[in-house]
Amino acid sequence: MKNFELPASSTAPSNVSTQPIFSVLNMDTVSVGGIASPDWSSDFYKGVGLAISSSIFIGSSFIVKKKGLLKVARNSGGRAGSGGYAYLREWLWWVGLFSMVIGEAANFSAYAFASAIVVTPLGALSVIVSAILSSYLLKE
């Protein structure tokens, strides 16, 4: 396996990047026996871990907030959509909100450690987490 750069003698069209693929992924390369391989440093794993934990926090926050809203609707009969603010006194709704804030902060931090091409698709895991948890906890 060779480095992913074009040789100096070949010319690339103006719209084609001649950067090594590892630099596009925001990873350093190390040369092992003349072969370039990615430097899977701890920063990359921190970014991936933050992105995955972000998805878990965000996906679960939707479920926790909805459980809080359902509890308020069951106890007071009023709904948040009809202008009620009773959900602001429900601790479960606040736990869900803080869970979302923590998840978004983790997602924002993940971009400092890993490339956007890695972090952004991992954000879609929050939809999967939310779907699985809603199936079990909300019976939806």
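The first residue in the sequence is number 1, and the count goes up from there. Reckoned from all heavy atoms, side chains included, excluding hydrogens, waters and symmetry mates.
Hydrophobic clustering (side-chain heavy atoms under 4.5 Å, transitive across Ile, Leu, Val, Met, Phe, Trp, Tyr) groups Leu97 together with Tyr87. The hydrophobic cluster containing Val101 does not contain Leu69, counting ILVMFWY residues as joined when their side-chain heavy atoms lie under 4.5 angstrom apart, directly or transitively. Connection of Tyr136 to Ile128 is established within a shared hydrophobic cluster, with ILVMFWY side chains joined at heavy-atom distances below 4.5 Å, either directly or through further cluster members. Under the 4.5 Å side-chain heavy-atom criterion for Ile, Leu, Val, Met, Phe, Trp and Tyr, Phe98 and Leu88 are members of the same hydrophobic cluster. No path of Ile, Leu, Val, Met, Phe, Trp and Tyr side chains, each step under 4.5 Å between heavy atoms, connects Leu70 with Leu92, placing them in separate hydrophobic clusters.
Contact record, Gly103 with Ser54: O-OG, 2.8 Å, taken as the closest heavy-atom pair. Shortest non-hydrogen contact noted between Leu122 and Ala51 is CD1-CB, 3.8 Å. Scanning both residues, Arg89 and Trp94, for their nearest heavy atoms gives N-NE1, 4.5 Å. In plain terms, the two heavy atoms of Ser61 and Met100 that are nearest each other are OG-CE, 3.3 Å. Contact detail for Ala114 and Val48: the closest heavy-atom pair is CB-N, 4.4 Å. The shortest non-hydrogen separation linking Ala86 to Val72 is CB-CG1, 3.6 Å.
Residue Ile52 holds its CD1 atom at 6.5 Å from CG of Leu125, rounded to the nearest 0.5 Å. Atom OG of Ser126 is separated from atom CG of Leu133 by 11.0 Å, given to the nearest 0.5 angstrom. Of the inter-residue distances, the one linking Glu90 atom CD with Lys65 atom NZ reads 14.0 Å to the nearest 0.5 angstrom.
Here the side chains of Leu50 and Tyr111 are not in contact, with every heavy-atom distance at 4.5 Å or above.
Panel note: side chain Ser109, backbone Ala105; a donor-acceptor pair is recorded below 3.5 Å. With Ser55 contributing its side chain and Val129 its backbone, the two residues share no donor-acceptor pair below 3.5 Å. Counting only distance, with no hydrogens or angles, the side chain of Ser60 and the backbone of Phe57 share a donor-acceptor pair below 3.5 Å.
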